[in-house]
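These figures come from a predicted structure and were not determined experimentally. The sequence lines fix the lettering, A, B, ..., with proteins before strands; numbering per chain opens at 1.
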There are 2 protein chains.
Amino acid sequence: MGRMPTPSPRPGRPGRPPRLSRAEIVTTARRIVDEEGVAKLTMRRLAREMDSTPMALYHHVRDKEELLLLLLEDFAAHAARPRLPDDPRERLLAAATAMRDLLTQCPWLVEVLTADDLLAPSALWYVEQVVDAAVDCGLTPEQAVRAYRSIWYYTAGELVVRAAAARRRAADARPTYRERVFADLDPAALPRLAALGPRWGELTAEDTYAAGLRALVDGLLPPHRTGAPPTDMDDRHDRQDREDRRDREDRQDREAGE
Amino acid sequence: MGRMPTPSPRPGRPGRPPRLSRAEIVTTARRIVDEEGVAKLTMRRLAREMDSTPMALYHHVRDKEELLLLLLEDFAAHAARPRLPDDPRERLLAAATAMRDLLTQCPWLVEVLTADDLLAPSALWYVEQVVDAAVDCGLTPEQAVRAYRSIWYYTAGELVVRAAAARRRAADARPTYRERVFADLDPAALPRLAALGPRWGELTAEDTYAAGLRALVDGLLPPHRTGAPPTDMDDRHDRQDREDRRDREDRQDREAGE
DNA sequence: GCTAGTTTTCTTACATGTATAAAAACTTGG
DNA sequence: CCAAGTTTTTATACATGTAAGAAAACTAGC
């Protein structure tokens with residue numbers, strides 16, 4: 001089929017003019033993933049969809065992993081960035097949560113997560129917000145990076161584990177291993193787990209990301225200096241508005257345009 | 001080659017007598033991994049090593065993933081379990097750290113981690129210890145399980161990310177993507193990260209597992225109720241002997257036999 | 001010994017990611 | 001128009017996990 005190779009194939013350029021482009025590849029890949037799931041995205045399928053050959057793709061993309069990373073970049077670039085609270089601690093929590101929400105929507109992420117500890121360039125915005133908020137909470141830049149790393153480990157782990165659990169559930173409920181293991185626990189050797197017994201399943205199904213994140217952040221940041229610890233269990237609405245809030249808002253507004 | 005199929009092939013059993021066994025498969029697989037790395041462990045190679053065919057393996061093992069899980073089980077079963085401190089908080093930290101140390105030694109783990117949120121049966125001992133310690137710290141069993149899950153996410157994430165980083169380093173230092181991304185950060189959009197700049201690399205190389213774990217546990221457990229925090233930094237020897245300590249020790253001793 | 005049933009093994013085949021090398025489609029300089 | 005150089009595409013090939021089904025090697029009943 002006659003597709004435009006690319007609006008401007010750079011006229012004076014030597015060599016065979018390209019019929020494919022990274023952008024088109026990513027677009028097509030995304031369409032396949034959106035329509036039929038990431039499992040259907042194979043290099044051959046993608047090539048066929050573009051009236052090309054598998055190996056032609058490899059001149060635009062190093063390997064499939066890079067393709068998935070580009071997919072993530074594309075997704076992150078087009079995602080709306082949330083408005084973050086002013087209080088630095090809440091901002092940190094919100095940024096981390098938003099990052100996690102974003103990544104949860106990317107089914108191809110799991111295969112990329114095991115391959116790169118950082119994310120697509122567009123996702124770095126979230127990293128920046130977390131680090132910045134941590135500094136505003138009183139950490140040094142170095143401590144803030146370490147704090148971010150801990151949060152990232154926690155987040156990445158949650159994503160990987162939950163994605164795996166979902167995949168396993170999808171693969172028509174095979175009662176493998178794990179179920180068998182938990183069926184016959186030795187109460188003498190593992191009393192706590194045996195006592196939990198069948199409830200383990202429902203407990204691990206809970207979404208505890210937010211609670212765990214809060215705990216982690218509690219431990220990472222210097223102690224709260226809010227008024228009365230016992231009474232402010234849910235004072236997440238009272239803005240303390242301590243510092244340079246305006247600066248940050250300006251910055252955010254400028255970048256929020258997508 | 002004439003190998004014993006298995007000492008006792010259950011004499012009265014109908015059907016073709018097996019030449020392979022799970023145990024032998026796991027043993028051979030482990031040898032290959034130990035000698036030449038997990039990359040060399042393929043179903044074909046494993047079969048050849050046992051004078052068999054790839055598909056014969058599939059009657060003893062559901063798929064390669066289960067094989068890797070069995071490898072982990074084998075490893076965990078033969079690993080020495082550490083003696084844990086008495087203070088429940090320190091015990092929790094020690095158990096989690098020991099678990100992580102164990103898993104760090106399993107190069108095949110990364111491919112399994114994305115597939116199962118729990119581990120081999122033998123590794124459940126660590127889970128039990130963490131949950132038990134958390135309960136001793138004052139959490140309800142439900143809270144303890146949630147706490148364990150948070151710790152597991154953190155631990156799994158760290159393992160996955162670090163393994164990926166190591167793999168990337170091994171694949172002859174290709175300056176892909178990530179490096180390029182961090183080379184040209186926009187200081188206006190990402191001031192914190194840009195300011196870190198080249199130091200990001202060294203900071204992410206640090207091993208901060210212990211610190212992050214401590215922070216997480218700090219946040220997960222109810223506040224410390226030790227007498228004078230500054231003075232008893234290392235009172236891990238003064239047994240508080242609150243509860244059934246003897247029971248636990250007995251239990252531990254019994255199982256410590258490798 | 002023969003047949004039926006059962007369990008394990010083997011043969012063949014397919015889809016996948018991707019390495020290697022050849023071919024194609026251009027540009028530029030003669 | 002032709003030769004050399006450059007970039008993209010194609011053809012072919014290989015290793016991998018594993019599905020499907022045939023074959024082999026045994027036991028029990030006749």
Quiz item: Looking at A/Thr104, A/Thr155, A/Leu159, which one forms a side-chain contact (heavy atoms from CB on, under 4.5 Å) with A/Tyr209?
Solution: A/Thr155

Self-check item: Below 4.0 Å: OP1/OP2 of D/dT9 and any side-chain N or O of A/His60
Solution: yes

Quiz item: So, are B/Glu111 and B/Lys64 salt-bridged, with charged N and O less than 4.0 Å apart?
Solution: no

Self-check item: Pairwise ring pair (Phe, Tyr, Trp, His ring centres under 6.0 Å) hits with a residue in residues 12-64 of chain A, at least two apart
Solution: none

Quiz item: Are A/Ser52 and D/dT9 close enough that a side-chain N or O sits under 4.0 Å from OP1 or OP2?
Solution: no

Quiz prompt | Residues B/Lys40, B/Glu49: salt bridge by 4.0 Å N-O rule | solution = no

Quiz item: Should B/Glu36 and B/Arg45 count as an ion pair when the cut-off is N to O under 4.0 Å?
Solution: yes

Quiz item: Can you check the B/Arg45 CZ to D/dG17 P distance for me, whole Å?
Solution: 12 Å

Quiz prompt | Atom pair distance, as rounded to whole Å: NZ in B/Lys40 and C1' in D/dT16 | solution = 13 Å

Quiz item: Do any side-chain nitrogens or oxygens of B/Arg16 fall under 4.0 Å of OP1 or OP2 in D/dA23?
Solution: no

Quiz item: A/Met43 has an atom CE; how far is it from atom C1' of C/dA19, in whole Å?
Solution: 13 Å

Quiz item: Can you check the B/Tyr58 OH to D/dG21 C1' distance for me, whole Å?
Solution: 17 Å

Quiz item: If each of A/Pro54 and B/Arg48 is mapped to the nucleotide of DNA chain D with the nearest heavy atom, which maps nearer the 5' terminus, i.e. the 5' end?
Solution: A/Pro54

Check nucleotides 12-14 of chain C for protein N or O atoms closer than 3.5 Å to its own N or O atoms and list the pairs.
none

Quiz item: For the pair made of CG in B/Asp63 and P in C/dT16, what is the distance, rounded to whole Å?
Solution: 18 Å

Quiz item: When you measure from the side chain of A/Thr42, which nucleotide among C/dA25, C/dG17, D/dT8 comes out closest?
Solution: C/dG17

Quiz item: Nearest 0.5 Å, what's the CG-CG distance between B/Leu57 and B/Asp63?
Solution: 12.0 Å

Quiz item: In whole angstrom, what separates A/Leu46's CG from D/dT10's P?
Solution: 13 Å

Practice problem: Check every atom of D/dT9, C/dT18, D/dT27 against the side chain of A/Ala56 and return the nucleotide holding the closest atom. | Solution: D/dT9

Exercise. Identify which nucleotide among C/dG17, D/dT7, C/dC26 has an atom closest to any side-chain atom of A/Arg13, counting heavy atoms from C-beta outward.
Key: D/dT7

Quiz item: Quick one: A/Leu57 CG to D/dT9 P, roughly how many Å, whole number?
Solution: 9 Å

Self-check item: Interatomic distance where CG belongs to A/Leu20 and P belongs to D/dT8 [whole Å]
Solution: 11 Å

Quiz item: Using 30° and 60° as the class limits, which term best fits the ring planes of A/Tyr148 and B/Trp200: parallel, tilted or perpendicular?
Solution: tilted

